[in-house]
Structures are given as structure tokens and as C-alpha cells.
Amino acid sequence: MLKSKMLALLISISLLLLGCTSTGAVDSKETVSNQIETSPVINAKAETAKADVSASGITKLAAAVKGTLKVHFIDVGQGASQLIVSPNGKTILIDAGNNDKEELIVKYLKKENVKKIDILIGTHPDADHIGGLDAVIDNFDVGKIYMPKIQANTETFKDLLSSIQKKGLKVTTAKSGLVLDWEKDINVEMIAPVGTYDDTNEMSAVIHLTYGSNSFLLTGDAEALSEADILKSKVNLKSDVLMVGHHGSKTSTSTNFLKAVNPKYAVIQVGKGNKYGHPTEEVLKKLNDKKIKIYRNDTQGNIIFSSNGKDITVKSEKAGVVTQKPTAKPTVKATTKPTPKATAKPTSKPAVVQGDVYYKNCTAVRDAGADPIYEGDPGYSSKLDRDGDGVACE
Ligand SMILES: [Zn+2]
């Protein structure tokens with residue numbers, strides 16, 4: 001008995017060695033695992049050896065990926081949330097919309113039969129992204145949490161931290177260069193933030209996900225500065241599906257960035273009649289010029305991409321008239337200077353509106369719920385209005 005164990009152990013060790021050096025190991029593995037069936041302990045070792053063989057890439061040739069990967073762009077109105085489900089049912093949730101979308105998100109996840117969020121990512125601390133995350137943490141098992149190293153002085157952010165604490169979870173810093181440990185055959189790479197930025201949007205965690213020959217780029221609210229740094233970092237950006245940065249604001253989706261991503265499909269997570277004028281005509285034009293098919297939550301509801309590693313199919317909740325041309329909606333257009341009408345202004349103005357209001361950056365403006373600020377309004381400054389269109393922090 002002991003002798004046979006020793007023999008099997010020897011064989012599995014030599015298999016490991018062979019697996020690292022020779023393709024012949026793949027065939028011999030079958031025979032070896034038959035021989036060691038007698039001992040469950042050693043058999044477990046053989047399993048590891050097998051996994052090693054394929055991890056070393058030797059069987060990669062035949063490793064046509066199996067099953068369907070799904071990427072849900074959940075309709076949270078003006079905000080963002082993406083649920084990724086692997087063929088084996090593993091999950092990643094990126095953002096969860098605003099506070100008032102908590103119930104919607106929890107319901108959505110339950111309807112999709114999600115029991116556990118293996119990886120939870122809060123791209124950046126703005127309320128339209130992290131608002132619903134506390135409810136997700138309260139209601140589901142959570143594996144790992146990633147958030148960038150930037151804080152917000154808001155109740156929403158505090159709520160999130162307290163939910164994380166209550167569950168005894170730890171936050172891992174989101175930054176470029178991380179390869180997330182999620183699912184074999186699916187590569188999940190964090191490609192931003194590359195540096196440190198004052199603006200919360202620029203600190204957004206950006207995810208590039210590859211399954212077989214299909215890929216997705218999920219960008220949070222990263223803007224031109226982060227996009228330029230991502231380009232400089234020389235990562236592979238090519239993607240079939242691009243989640244358009246910052247809800248289609250013209251401060252994102254810079255020309256060179258879009259060129260590098262070169263997507264077939266674009267998804268804009270945006271709410272109907274939002275006060276920011278998202279998505280902007282500039283961005284829609286860029287996408288249309290490249291004949292990229294556009295999907296939008298405001299017109300199509302929930303949008304679900306399925307990939308078998310080769311082909312991508314798209315389903316949307318509402319049969320969705322996909323408007324390839326920007327519709328001439330009476331929303332505030334970025335090109336025309338909006339008259340500071342009472343209706344176009346945010347309802348939740350900061351308490352201090354009299355006299356001089358000074359905001360250090362757009363993060364502070366968003367924290368105060370004062371975004372966007374129109375020229376002539378308290379708190380407006382040309383420094384905050386980077387594109388000089390008369391609307392700051394749009
Ligand atoms: Zn946002």
C-alpha cells in the first residue's frame with residue numbers, strides 16, 4: 001500500500017515537471033491519473049498537476065473557452081452599474097447607481113439569482129456610482145472589494161464604509177497593473193487609475209476584460225487625463241464593447257483613446273433628461289463617425305451582452321430604438337450656453353449660495369451636489385470649466 005502511494009507520488013511529481021517542459025505531458029497525464037485512482041489523497045494532487053498543465057499554457061491551444069459570459073449594463077438612470085457573470089456563475093459587480101437605486105439593484109441581483117458578489121468594485125466615490133453599494137454589501141456575500149485611494153466627504157461614502165466595516169471586509173486599493181483573480185480563461189485587468197488625481201472621476205478604476213477573442217472596457221467616469229495616462233501605459237485597449245466614459249460627457253472619450261479601443265459597440269449609461277446634458281453631441285458624433293453601434297440605458301433600459309468567447313450578442317429590455325443620430329432633445333446642450341434657468345439647476349443646492357462660493361475642484365462641487373455650475377452662478381470658475389463652454393463640472 002505504502003509502496004503504491006510512493007509510486008503514485010513519484011509519478012505525479014514527474015508529471016508536474018514534465019508539464020512545465022514538454023507538451024508530451026498532456027497525453028501521459030490521462031494514463032497517470034488512471035493509475036492513481038486508488039488513493040484519494042494522491043488523486044487530489046493529480047488534479048492540481050492537471051490544473052498546472054493547463055495553466056502553463058500547454059493545453060491553451062485546445063482551450064476553446066466554454067460557456068457564456070454575460071455583462072449587464074443595469075439601468076440605474078443617471079449613474080452606472082455593471083454586473084458580470086462568468087459561465088460558472090462567478091460574479092463581479094462594478095458600481096451600483098445612486099442611493100435611490102438601492103432597492104432596484106438588490107432586486108436585479110436577486111432576480112439574476114446572484115448569491116455572492118465575488119468581486120465588488122466601486123470605481124470612484126461619486127454618489128451615482130457608489131450610492132447603492134452599501135445595500136449590496138448588506139444583502140449579499142461579498143468576496144473582495146476594490147476602491148481607488150480617494151475619499152469623499154459625503155454621507156453616501158460614509159454609509160458605504162460603515163457597511164464594509166460591519167461585514168469585516170477589507171478594501172483593496174484599485175489601481176492600474178492589477179490582474180484580478182476571478183475565473184480561469186477570463187482575464188480581468190485593472191488598467192486605471194495609472195496615477196493620482198485630484199478629481200474623483202479621474203481616479204476611476206477602469207477594467208479591461210477578455211474572454212476568448214472578445215473583450216470589454218469598463219471605464220467608470222475616467223476623463224481625458226486618465227485616458228491619456230492609460231494610453232501612455234501602453235496596455236492593450238482594443239475592445240469589442242466600450243462603456244463610454246462619464247455617461248458620454250465630452251470630457252471623456254478623447255479621440256486617441258477611442259481610436260485605440262476601436263469598439264464595435266458602445267454603451268452609454270445615462271438617465272433620461274439628466275441635468276448634465278449627457279450624452280453630449282460631441283461624443284455621439286465621434287461614435288457615429290466610426291459607425292459604432294450605440295446602446296443607451298435611457299432609451300433601452302437594461303442592456304445585456306452575451307459572449308461565448310467568439311461572438312457577441314446583445315439584448316435590451318426595451319426593443320430599443322437605437323438612435324444612431326443624436327436626438328434633438330430640449331436638454332441642455334453643451335454647445336449652446338444655457339441660460340441659467342431655474343429648471344436646469346440642481347434642486348439640492350449647497351446651503352451657501354450667497355456671496356462667493358469657492359470650490360477647490362469638481363469633486364468638491366459634486367460632493368456639495370452643486371454640479372454642474374453655469375457661468376454666472378455662485379461657485380463657477382474658469383478653472384473648473386476645463387473645456388470653456390460655460391458649464392463647469394458637467
Ligand atoms: Zn458618474
Side-chain angles (χ1 to χ4, degrees), residues 65-98 101-121 123 128-129 132-133 136 139-140 180 182-183 185-188 206-220 239-245 247-248 261 263-272 279 287 292-324:
V65 292
K66 271 201 195 121
T68 306
L69 167 83
K70 288 197 173 184
V71 181
H72 302 240
F73 293 87
I74 305 170
D75 179 13
V76 289
Q78 183 68 12
S81 182
Q82 304 107 56
L83 169 70
I84 309 164
V85 184
S86 80
N88 297 323
K90 282 205 166 189
T91 55
I92 298 177
L93 182 72
I94 304 178
D95 293 336
N98 248 309
K101 295 295 185 295
E102 284 183 357
E103 214 173 302
L104 180 150
I105 285 285
V106 170
K107 263 195 194 150
Y108 192 98
L109 295 175
K110 286 189 173 159
K111 191 195 84 205
E112 289 300 315
N113 225 359
V114 171
K115 302 276 182 277
K116 180 182 180 187
I117 305 292
D118 295 289
I119 296 178
L120 186 64
I121 300 171
T123 57
D128 58 323
H129 295 253
L133 285 181
V136 171
N139 283 280
F140 296 89
L180 309 194
W182 186 52
E183 203 44 304
D185 292 337
I186 303 176
N187 189 56
V188 186
V206 175
I207 296 291
H208 190 233
L209 183 144
T210 310
Y211 178 50
S213 55
N214 292 149
S215 52
F216 295 77
L217 189 65
L218 309 166
T219 51
S239 305
D240 299 294
V241 181
L242 167 69
M243 182 197 132
V244 175
H247 322 282
V261 180
K264 270 197 229 71
Y265 307 97
V267 182
I268 307 177
Q269 294 218 271
V270 73
K272 248 189 205 113
L287 300 171
I292 298 163
K293 195 165 164 88
I294 302 169
Y295 288 86
R296 302 167 50 153
N297 287 127
D298 60 343
T299 52
Q300 288 158 297
N302 299 308
I303 298 157
I304 303 159
F305 284 76
S306 300
S307 159
N308 59 8
K310 264 193 354 222
D311 303 305
I312 287 180
T313 51
V314 195
K315 251 176 37 192
S316 61
E317 185 187 13
K318 297 172 197 160
V321 194
V322 182
T323 42
Q324 289 287 17

task = Decide yes or no on side-chain contact (heavy atoms from CB on, under 4.5 Å) for Leu93 and Val114, but give the supporting numbers first.
result = CA-CA 10 Å; Leu93 182 72; Val114 171; over 6 Å; no
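- At least one side-chain heavy atom of Ile74 sits under 4.5 Å from a side-chain heavy atom of Leu104.
- Taken to the nearest 0.5 Å, the CG atom of Asp118 stands 11.5 Å off from the CD1 atom of Ile84.
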Stepwise side-chain contact (heavy atoms from CB on, under 4.5 Å) test for Ser306 and Lys315 = CA-CA 8 Å; Ser306 300; Lys315 251 176 37 192; over 6 Å; no
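- Between Gly132 and Glu102, the shortest heavy-atom contact is CA-CG, 3.8 Å.
- Contact annotation: the side chain of Val314 never approaches that of Val241 to less than 4.5 Å [non-hydrogen atoms, C-beta and beyond].
- Nearest approach of Lys101 to Ala96, heavy atoms of both residues: CB-O, 4.4 Å.
- One distance of note links CG of Asn297 with CD1 of Ile268; it measures 9.5 Å at 0.5 Å rounding.
- Between Leu69 and Phe216, some side-chain heavy-atom pair lies under the 4.5 Å cut-off.
- Using modelled atom types, no side-chain atom of Asp95 and backbone atom of Gly97 make a donor-acceptor pair closer than 3.5 Å.
- Remark: the backbone N or O of Ser81 is paired with a side-chain donor or acceptor of Gln269 at under 3.5 angstrom.
- Taking the six-membered ring for Trp and the full ring otherwise, Tyr295 and Phe73 have centroids separated by 6.0 Å or more.
- Between the Asp240 side chain and the Ser215 main chain, a donor and an acceptor come within less than 3.5 Å of each other.
- Taking NZ of Lys70 as the start and OG1 of Thr91 as the end, the distance is 14.5 Å to the nearest 0.5 Å.
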inquiry  = Pair Glu183, Asn88 - check side-chain contact (heavy atoms from CB on, under 4.5 Å), show working.
reply    = CA-CA 8 Å; Glu183 203 44 304; Asn88 297 323; 3.3 Å; yes
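- Between the side chain of Asn302 and the backbone N or O of Asp75 there is at least one donor-acceptor pair closer than 3.5 Å.
- In this model, a donor atom of one side chain and an acceptor atom of the other lie less than 3.5 Å apart for Asn113 and Lys115.
- Taking both residues in full, the closest heavy atoms of Leu109 and Ile117 are given as CD1-CD1, 4.1 Å, listed atom of the first, atom of the second, then distance.
- Separation of atoms CD1 (Ile94) and CG (Leu83) is listed at 9.5 Å; rounding is to 0.5 Å.
- Between Tyr108 and His72, the angle of the ring planes goes over 60°, which puts this pair in the perpendicular group of the 30/60° scheme.
- For the atom pair CD1 (Ile121) and CD1 (Ile92), the distance works out to 5.5 Å, reported to the nearest 0.5 Å.
- Under the side-chain hydrogen bond (donor to acceptor under 3.5 Å, both in side chains) test applied with Ser307, the options Thr210, Thr313, Asn214 reduce to a single match, Asn214.
- Residue Leu133 comes nearest to His129 through the heavy atom pair CG-O, 4.3 Å, listed as atom of the first residue, atom of the second, then distance.
- Here the closest heavy-atom approach between residue Tyr211 and residue Gly67 is recorded as OH-O, 2.7 Å.
- Rounded to the nearest 0.5 angstrom, Leu209 CG and Gln82 CD are separated by 11.0 Å.
- In this structure, the side chain of Thr219 engages the main chain of Met243 through a donor-acceptor pair within 3.5 Å.
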task = Please report the C-alpha distance between Gln78 and Val270 in whole Å, then the side-chain angles of each, then the deciding distance to 0.1 Å, and finally whether the side-chain contact (heavy atoms from CB on, under 4.5 Å) criterion is met.
result = CA-CA 5 Å; Gln78 183 68 12; Val270 73; 3.3 Å; yes
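- Of all heavy-atom pairs spanning Ile186 and Pro87, the tightest one is CD1-CD, 3.8 Å.
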